[in-house]
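In what follows, every chain begins at residue 1, and chains take the letters A, B, ... in the order their sequences are listed. Note that this is a predicted model, so its numbers are computed, not measured.
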2 protein chains.
Amino acid sequence: MRQKVLDAAARLFRDKGYAGTTMRAVAARCGIRAASLYHHFPSKDDILAEVFDYGVRRVAAAVRAAVDCLPPSASAHDKVRAAVHAHLESFFVYGDYTASNIRVFGQAPRPVQRKNRGLRDRYEAYWHLLLEEARQRGELRRGVDLSIARLFLFGGMNHTLEWYTASGVSFRELAERYTDLIFHGIGRSDGATA
Amino acid sequence: MRQKVLDAAARLFRDKGYAGTTMRAVAARCGIRAASLYHHFPSKDDILAEVFDYGVRRVAAAVRAAVDCLPPSASAHDKVRAAVHAHLESFFVYGDYTASNIRVFGQAPRPVQRKNRGLRDRYEAYWHLLLEEARQRGELRRGVDLSIARLFLFGGMNHTLEWYTASGVSFRELAERYTDLIFHGIGRSDGATA
DNA sequence: GTCTATATGCCGATAGAC
DNA sequence: GTCTATCGGCATATAGAC
């Protein structure tokens, strides 16, 4: 039931925001009464905090696993592609949690933000490491600001949640295209426009 | 006073979300009582709809103006750079409106979403045109999906609102780096990783 | 154009039965 | 572990004085 509550809350937070998600609505989705929620969680904010943490933990675990199971011969480019794919795919499996975090974090009460910030930062630091590895292996252009590139990549990936429908392109294909974009861009590489 | 109400509402919608923004709070920011708001707007949803429309209209106008005042000799790359810069800079001037749209649109009531969708779509179509022009001028690689590239670029640009602080890099420099990223990526162009 | 007062209803959370 | 009943507070919106 605990997980059922979190699932219901994640979905509602995603769609209705923080204040728009009521304990009564969460309970209704679980087939119980609002008062019964307090047997599982101390407060609405505790539910939100757990939704945030659960989402980041799962995405981070999926991405790390995807990168770790690559062969030692994998290039940094291969690792980034695998990470992008795992990140996108987790939108499908933990989408309500991920989308809740992305869409609701900014309007969550400060204490809830603080509690989740550590996990968020660690996950972003992992991505920074991936890109830093690419640089050290000589796979990147000189003069590229990796912090900005990482933030740009994150924005591009996470924005997928706002437009993606399963009827279109697959996550694997999308991961391929995003990785291609972040590594090579849309321009011709013959310097015609540079 | 009408504009004052919109400014206050935009700021609150941005920080507190749709349901978390109360007419009392909007009124308090304007130094009046909640009931007085109904002299200027019929309802909370009408305020939100106007915040959405105002933001999109202003950003779109700024971007078009920036592109239009380029010399005829400007490449599509130049136009995209100017558009990215104007889009980012409008975050500074109309940031509460833009951020409200980006963060709150998904949790707004359907009728409000519908009312704003036309403007949103037209603005995105304009960007699509910019990229399409780059392709027709032969400035792009073959095989690039411009719809995906545009969505990726939008995500990257709009994500700036979540991390940007005026103390760091300037919007002009950021526009230069984003444009460089979307055209050339982070990878070496000698094909070492492709 | 702003005010006070209020109608009507939902909010998060608690008490205590079963 | 779920329930009913309820507390105190705040929500949007309206009525009508000034």
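When DNA chain C is scanned 5' to 3' for any atom under 4.0 Å from a heavy atom of chain B, the first and last hits are dG1(C) to dT4(C).
Residues Tyr18(B) and His40(A) both approach DNA chain D. Their nearest nucleotides, taken by heavy-atom distance, put His40(A) toward the 5′ side. Across the interface with DNA chain C, nearest-nucleotide mapping of Gly20(A) and Pro42(A) shows Gly20(A) to be the residue nearer the 5′ end.
Cation-pi geometry between Lys44(B) and Tyr38(B) is not met: the NZ or CZ atom fails to fall both under 6.0 Å from the ring centre and inside 45° of the normal.
We find that CZ of Arg24(A) is positioned 14 Å from P of dT6(D), with the value rounded to whole Å. Rounded to whole Å, atom P of dT14(D) lies 13 Å from atom CG of Leu37(B). The distance from atom CE of Met23(B) to atom C1' of dT14(D) is 12 Å, rounded to the nearest whole Å.
If you check the side chains of His128(A) and Tyr123(A), you find no donor sitting under 3.5 Å from an acceptor.
In this structure Arg142(B) satisfies the side chain to side chain contact (heavy atoms under 4.5 Å, CB included) test with no other residue, sequence neighbours excluded.
Centroid-to-centroid, the aromatic rings of Phe152(B) and Phe152(A) come within less than 6.0 Å. Separation of the Tyr164(A) and Phe171(A) ring centroids falls under the 6.0 Å cut-off. If you look at His87(A) and Phe154(A), their ring centroids are closer than 6.0 Å.
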